[in-house]
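Working notes for the structure below.
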Amino acid sequence: MLDIFQYDFMVRAFMAGFAIAIIAPMVGIFLVTRRYAFMADTLAHVSFAGVAAAFLLGFEPIITALLLSIGTSLTVEKLRSSGKVLGEAGLAIFLSGGLALASVLISASRGLNLNLSGVLFGSIATVTTLDLQLILGLGVVVLFTIFFLYRQLFAISLDEELATVSGLPVTRLNRILVILAAIIVSLSMRIVGILLVGALMVIPVIAAMQYKKSFFATFIISIIISLFSVISGLFVSYYLGWASGGTITLIAITIFVTSSLINLRRN
Amino acid sequence: MQIKVENISFNYRHNQVLEDVSFEIQTGDYVGIIGPNGGGKTTLLKLMTGLLKAQHGHISIFGMDPRKARAHGKIGYVPQRIVQSNIQCPATVEEIVASGRIAKSSDGKVIEAAMKDADVEQFRTRSIESLSGGERQRVFIARALASEPIILILDEPTTGVDLKAGRNFYALLKHLNKEHKLTIIIVSHDIEAVAKEVNMVLCLNRKLVSTCKHEDLKANTEEILKALYGPDKNFIHHQHA
């Protein structure tokens, strides 16, 4: 056995990373194709506020981040669908607001032991048993939800108006999609960090889109790219002592650049 | 009676777009809706598809509210901007057509038939972004047909499509109307083409200015158009080859 797996925290990190690498692009593809990729970053910044609040109040960080993130995702979606605030403008308000709230809470919790670097950039050593249980449990929920709603989510990605006239409950499906995004963002922050959580949902998808295949093929390719980025990123991060989030993101970007060059050459 | 529109009025805030519009459409009708920009054509289609709800009046499709009718897959719809929009979704023609059957159980034979009817079988594995405007047009018709609708509603379907593709497109609609007994409602700026193809014309400029058979529109084109667009407008005729 590789010496990397002698440590329990590495086994937990790999199991969590494997699960997140599968589910992140599965939801990310529906956000990217609807030009809603910014949603993941917004929810990540709100999750940061959730983590800071948890440290201050003594709650479990991942659960606080999860609840705050789900609440925000539903509020943003309601604002977007009502047409009162433009989608991106609504996201910008919550992104800045989340970061602002986090900074205030962190300054208020001075003296408490918050591993800021780990929260922001990911730290594989910080995945707890509770985190892993939540990641695997909610990961299965995300997996089954996408499995059952794949056709419907594809239809609304293509065009919301067409999907509505086709008889789909578009509002309900949109809510489910943003809740799934909120769950993934909160679950991923231990591995990739809050600042890079969006990368895992977006970069593998846009890299896969470079191959100009069908939607389903793009869906599968993005999962493969994500898995490769996370697994290889965790190895590199362990052996070189680099931040896991940054390493994983840089690998995903390298794959995106390579895919774009292959696409350019083909055309 | 397939579609009954009774005393419909609709405002966008303080801007009245439709005022007391009423008409009836029978099964198998091929209806053209013409009128100036801002005359309420697209709003009327959105009310008929249940995308908007009228502040006054009532619309029924087979005696049902449009929202209920669309939930049963009775309405096929091709919106105005879909052909020209930059579709970011990496989808093949086959995937797009199959998505039209989303509210019903997936049926490969119906999807195949829809692609055949709209003549897009040969593009099935191609991405939508690689197709021309006319080809995209047919893909979205096939998508609408995949739900086996009874009514097909199209908003400005030939905008941005070249003359030949436009001609082929109208031939396809005629075929669907005659052979499949599909009721078709089409909004178009191309009055000559509409007059040539449809059997009933609704002239709409906030109010329903007139409802006429296509023979009446042909015989009294100038008169009807002046009533619709205003007496100071000049009309230049063109012929579709």
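Not measured: the values here are computed from a predicted model. Within every chain, numbering begins at 1; the chains are lettered A, B, ... in the order of the sequence lines, protein sequences first and strands thereafter.
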**Message:** Is S166(A) in contact with chain B via its backbone, its side chain, both, or neither, using a 4.5 Å heavy-atom distance?
**Reply:**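 Both parts, backbone and side chain.
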**Asked** Measuring heavy-atom distances to chain A, does I102(B) have an atom under 4.5 Å in its side chain, in its backbone, in both, or in neither?
**Response**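 Looking at I102(B), backbone and side chain both touch chain A.
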**Which atoms of K74(B) approach chain A - backbone, side chain, both or neither, heavy atom under 4.5 Å** = neither
**Fill in**
Heavy-atom closest pair (G98(A) atom, A49(A) atom, distance to 0.1 Å) is O-CB, 3.4 Å
**Item:** Option in L162(A), V32(A), T33(A), I29(A) with maximal non-hydrogen atom pairs under 4.5 Å from chain B
**Value:**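 Heavy-atom pair counts peak at L162(A).
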**Prompt:** With ring centroids as reference points, do F140(B) and Y77(B) lie under 6.0 angstrom apart?
**Reply:** no
**Prompt:** What about the rings of F30(A) and F215(A), do their centers lie closer together than 6.0 Å?
**Reply:**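 When the ring centroids of F30(A) and F215(A) are compared, they turn out to be within the sub-6.0 Å range.
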**Item:** Among the listed options V93(B), T125(B), T49(B), the residue most often paired with chain A at heavy-atom distances under 4.5 Å
**Value:** T49(B)
**Message:** If you count heavy-atom pairs within less than 4.5 Å of chain A, which of R101(B), R70(B), R126(B), E94(B) leads?
**Reply:**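 Highest number of pairs under 4.5 Å: R70(B).
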**Message:** For a quick check under 3.5 Å, do R143(B) and S99(B) share a side-chain donor-acceptor pair by atom type?
**Reply:** yes
**Item:** Ion pair check, E77(A) and R80(A), cut-off under 4.0 Å
**Value:** yes
